[in-house]
Amino acid sequence: MSSAETRRQTRNLIIAALVAVAVLIGSLFLFTNANTDRIVAQNSQYLESSSGQTARRVDDVFTTSLRTVQTAASIYENTLTNGTVDPQEAVNVLDLSQFDHTFFITPDGIAYNRDGRTAEAFDRYYYTAGIAGESGMCFIDNAIFDGQNVVAFFAPVHYEDQVAGVMVSVYREDTLTDLMTTQFYGDSTPTYLCLPDGTIISQAPATEDEPTNIDEVFSSHELDGITLSDLDSDIASGNTASFTYRTPEGVGNTYMMKLPSYDWVLVRSFPASITNGMISKANISGTIVIAGVLIAAAVVVGVLMAQARRKNIELLLERQEATRIIDASTNLFNSLVSVDLVHGTYEYLKNEDNQELLPSRGTYDQLCAYLKSVSASDAEDNQLVLLDTEAVKAALGPDTPFIQQDWKVNRGDEVRWHQVSTLSLARNAAGEPTDVLVTVQDITDAKEQEIASRQALEDAFQAAEHASQAKSDFLNSMSHDIRTPMNSIMGLTAIAGMHVNDPERVRECLGNITSASKHLLGLINEVLDMAKIESGTIGLSEEPFDLPESIENLITIMNPQIAAKGQILDVQLVDIKHEHVIGDPTRLQQVFVNIMGNSIKFTPEGGTIGLRITELQSRIPGSGCYEFVFSDTGCGMSPEFLKTVFDPFTRANDSRTTKVEGTGLGMAIVKSVVTLMSGSIDVASVEGEGTTFTVVVHLKLRDGEREDLSDLEGIRVLVVDDDAVACEGACILLDDIGMRSAYELSGQAGIDAVVAADTSQDPFRAVILDWRMPEMSGLEAAKRIREVTGENVPIIILSAYDWSMIEQEAREVGVDAFISKPLFRSRLVQVMKELLTGEVHTIIDEKAMLEGLTYEGRRVLLTEDNMMAAAIAEELIGMTGAAVEHAENGKLALDMLLERDPGYYDIVLMDIQMPVMNGYEAATAIRAEAGGRPDLGDIPIVALSADAFAEDIRHAHASGMNDHMSKPLEIETLVRMLQKWMH
């Protein structure tokens with residue numbers, strides 16, 4: 001081959017190579033442009049979808065938050081009984097966990113924070129709008145408490161026709177940032193929430209130099225097909241729009257849409273850096289192709305095939321990623337269906353509920369027929385728009401991209417709520433929708449909560465009306481209940497006056513007058529207690545007491561009523577480990593007496609009254625959890641009355657109960673006292689079968705005296721009771737003490753067990769017998785046992801009843817001691833020690849205690865306006881040897897102190913409620929004279945008053961008193977107080 005031909009071939013090869021390179025470069029250029037357009041379009045679709053989801057999420061959060069604040073304001077309105085509002089109480093109505101911040105604004109513009117801080121808010125929009133009676137949401141760029149940007153939700157609190165304040169809860173900017181943050185390929189997409197004027201409320205993700213207006217975000221970018229003026233106009237109008245922009249990094253996408261329920265606009269950008277990275281990744285393939293062709297021309301075909309295969313893999317990955325995103329989006333919905341309105345067909349894209357009930361494809365008429373068959377909505381205004389083609393076209397106008405409806409459907413035996421959204425996918429030249437996408441989401445839980453909230457508001461309104469009516473009914477019933485004992489007292493007084501010469505008749509009348517007076521006093525006390533509870537002045541004391549003593553006092557109080565009606569009292573203890581506690585025994589006793597008193601009143605003769613006391617596991621360190629279950633076999637309560645049993649002035653309107661007198665306040669007092677104790681009370685009742693009240697309270701524990709139980713260790717004791725539960729409980733206590741126990745369930749079995757033990761090497765050292773057992777009573781069993789064993793074995797009678805009536809007979813047959821049910825550990829230890837070891841329990845001699853105080857020559861100034869109370873106090877104090885001088889009011893007491901020489905009186909006992917000058921005023925006046933009379937600053941002043949609550953004691957100390965004694969006067973307390981202050 002000639003050199004010319006060689007050069008020609010070489011030239012042709014070079015030209016062919018250059019042409020090939022040019023073609024490859026041109027192809028690469030077209031390829032990169034196509035990739036860019038495709039990726040930009042793909043990102044734009046994703047941006048629209050994710051922006052819509054975020055906008056709906058933000059919209060739902062705002063709507064729910066506003067409803068929450070409105071509901072809290074409405075609930076608090078219903079608690080107001082007068083125009084006075086407690087800002088701290090109001091702000092505590094709303095659970096702070098949903099919001100970043102909550103405060104309450106009084107009509108004078110002062111905002112009260114939950115932590116006690118205050119600030120002026122009269123220049124804030126939520127204050128002016130709220131005081132005007134409006135509720136809503138607003139943006140604040142300088143919050144009053146922390147200066148941050150916040151979104152505030154507010155609602156007015158009304159009292160009658162006036163606005164009593166404004167409840168406000170806020171989200172800080174960082175909370176909104178978390179709400180709007182969305183990531184794609186590991187990078188956050190910039191998202192802005194804007195006001196109609198373009199002001200940026202919140203930005204996600206947050207940056208150090210955050211722009212304040214949306215124009216600042218795009219002012220440095222090159223916008224495609226839109227200007228900043230167009231952008232401002234679209235945001236102001238709430239239009240949905242999308243556009244691209246260019247930066248040195250590449251092409252970015254932006255989509256903006258108005259929140260569905262508010263005028264605020266969500267703007268989201270797809271960063272150019274992410275788009276550029278995706279484009280670069282796609283273009284690498286083309287670069288590899290060119291490099292492969294230039295480097296290895298010999299394997300062009302192979303390289304092209306490998307490149308094609310690689311490209312297919314990349315496209316598959318992209319398709320899989322797109323599918324994953326679509327699947328993740330569709331998981332939000334139960335069903336997705338595409339409807340062709342022009343051809344009258346449908347196709348289910350996703351159908352979780354009705355795979356077998358409806359084909360995945362079919363005619364539009366089939367779809368409508370199925371939807372009508374499962375609809376549970378009767379009202380025409382709750383029918384789906386989807387069921388009528390013309391209705392769909394009318395609803396989805398040119399400016400309406402989608403519509404949402406709440407729809408009730410039948411699903412088997414239950415009714416479910418669905419949210420049906422109909423979106424326009426395509427429109428004809430006239431702007432009418434031709435293809436729509438229908439999404440179905442189950443919102444039953446949210447809908448039920450909404451219905452429940454609405455019902456709660458209606459119930460609160462009904463409760464307020466009921467309370468008003470109940471108080472009117474209460475006045476009518478109280479008129480009768482108070483007049484009844486009053487008429488009895490007046491009538492009996494007249495009868496006694498007519499029989500002054502008949503002592504027996506007068507004594508009978510006086511006894512009846514006392515009974516009627518106590519009943520009248522009980523009615524008045526209930527009304528006064530309820531008044532204190534409602535006014536918030538009631539308080540709880542904290543003093544040490546023993547559960548056994550409180551329960552025994554309760555049984556002692558109630559036993560006469562139980563015995564009078566021939567009822568059975570059943571008291572049980574379960575796992576009581578701590579008997580020594582700290583609390584308010586008076587209020588606790590009040591709760592128990594009210595509940596058990598009602599059980600007795602509404603239980604017929606021969607019925608059963610039950611009390612079970614259980615110590616539960618306590619989650620509070622240093623406190624015991626006690627459950628008291630009161631049950632009866634009485635008339636029970638209807639389900640309707642159970643709903644109002646704890647309401648004040650409420651009594652069941654029943655022929656079985658109308659003759660039972662009462663104020664209707666007992667259960668309201670019980671509920672309030674238990675609530676003050678941070679406890680709980682529940683009630684269950686069946687008409688004609690009985691009622692059960694369950695009270696759970698926490699009481700602080702205190703250490704009891706450590707007992708030496710070594711003398712009782714190993715001693716064998718027999719328990720005889722027809723109740724197996726009672727036997728097992730007693731044996732558990734005995735074993736816990738260290739003794740050895742056994743039990744029998746009848747008197748004869750107990751006698752046989754004692755006889756068998758006597759013949760063995762391990763006899764019983766003590767026997768505990770229940771008083772009332774079938775076939776053979778405890779007394780008869782005791783007599784038989786005494787005949788068998790002689791005087792060696794102590795016999796103890798156990799009873800839940802007043803055993804004083806059988807005490808003499810029991811002593812005669814050989815009974816050594818008595819123990820009341822329920823059987824507490826401390827009482828059992830005390831009796832066992834007395835009988836088996838000879839240890840004698842010390843009995844307090846109150847007279848000896850007083851006479852043991854040698855206060856001859858000492859003087860006490862007693863200030864008391866009640867002559868009878870003064871006479872009693874003078875008698876008791878006089879037994880100490882001290883001289884008592886009496887002043888009828890605080891003014892006289894002050895004068896007497898000033899008239900006498902310093903040191904004349906050793907102590908002042910001061911009543912509180914007195915005419916002329918009360919005890920608080922007198923104590924303050926006495927201390928005020930200390931400048932001229934130093935002794936009056938040091939003389940002990942002790943309050944002696946029936947005002948015995950915790951706040952009364954604090955008031956006494958604040959007025960200058962040294963200590964406090966409550967009425968009625970207890971001897972031990974008086975002795976302790978005199979010893980403390982009369983050194």
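Here, residue 1 is the first one in the sequence, and each next residue gets the next number.
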Do Gln70 and Ser74 have side-chain atoms, one donor and one acceptor, less than 3.5 Å apart? no
Positive for side-chain contact (heavy atoms from CB on, under 4.5 Å) with Val151, one of Leu176, Thr175, Ile140, Val61: Leu176
Judged by modelled atom types alone, do Thr434 and Asn428 share a side-chain donor-acceptor pair under 3.5 Å? no
Flag yes if more than 12 heavy atoms outside Arg246 fall under 6.0 Å of its CZ atom; otherwise flag no. no
Side chains of Asp230 and Thr227: donor-acceptor distance under 3.5 Å anywhere? yes
Is it true that Arg172 and Asp146 have a side-chain N and a carboxylate O under 4.0 angstrom from each other? yes
Calculate, to the nearest 0.5 Å, the distance between atoms OG and CZ belonging to Ser51 and Arg268 respectively. 5.0 Å
Kindly say whether the aromatic ring centers of Phe153 and Phe62 come within a distance under 6.0 Å. yes
Which word best sums up how the rings of Phe103 and His101 line up, parallel for under 30°, tilted for 30 to 60°, or perpendicular for over 60°? tilted
Using modelled atom types only, decide if a donor and an acceptor are shared between the side chain of Thr128 and the backbone of Tyr125 within a distance under 3.5 Å. yes
Check the side chains of Ser169 and Thr102 for a donor-acceptor pair under 3.5 angstrom, ignoring hydrogens and angles. yes
Working to the nearest 0.5 angstrom, can you tell me the gap between Glu173 CD and Asn149 CG? 5.0 Å
Please say whether more than 12 non-hydrogen atoms of neighbouring residues, nucleotides or ligands are located less than 6.0 Å from CD in Glu347. yes
As an exercise, state the distance from CG of Asp232 to CD1 of Ile214, rounded to the nearest 0.5 Å. 9.0 Å
Looking at the rings of Tyr126 and Phe139, which for Trp means the six-membered one, are their centres under 6.0 Å apart? no
From Tyr192 atom OH to Asn213 atom CG, the distance as rounded to the nearest 0.5 Å: 11.5 Å
Asp224 versus Thr244, side-chain donor and acceptor atoms under 3.5 Å: yes
Indicate whether any N or O donor in one side chain lies under 3.5 Å from an N or O acceptor in the other, for Thr254 and Ser269. yes
Would Ser65 and Tyr171 count as having a side-chain donor-acceptor pair, cut-off 3.5 Å? yes
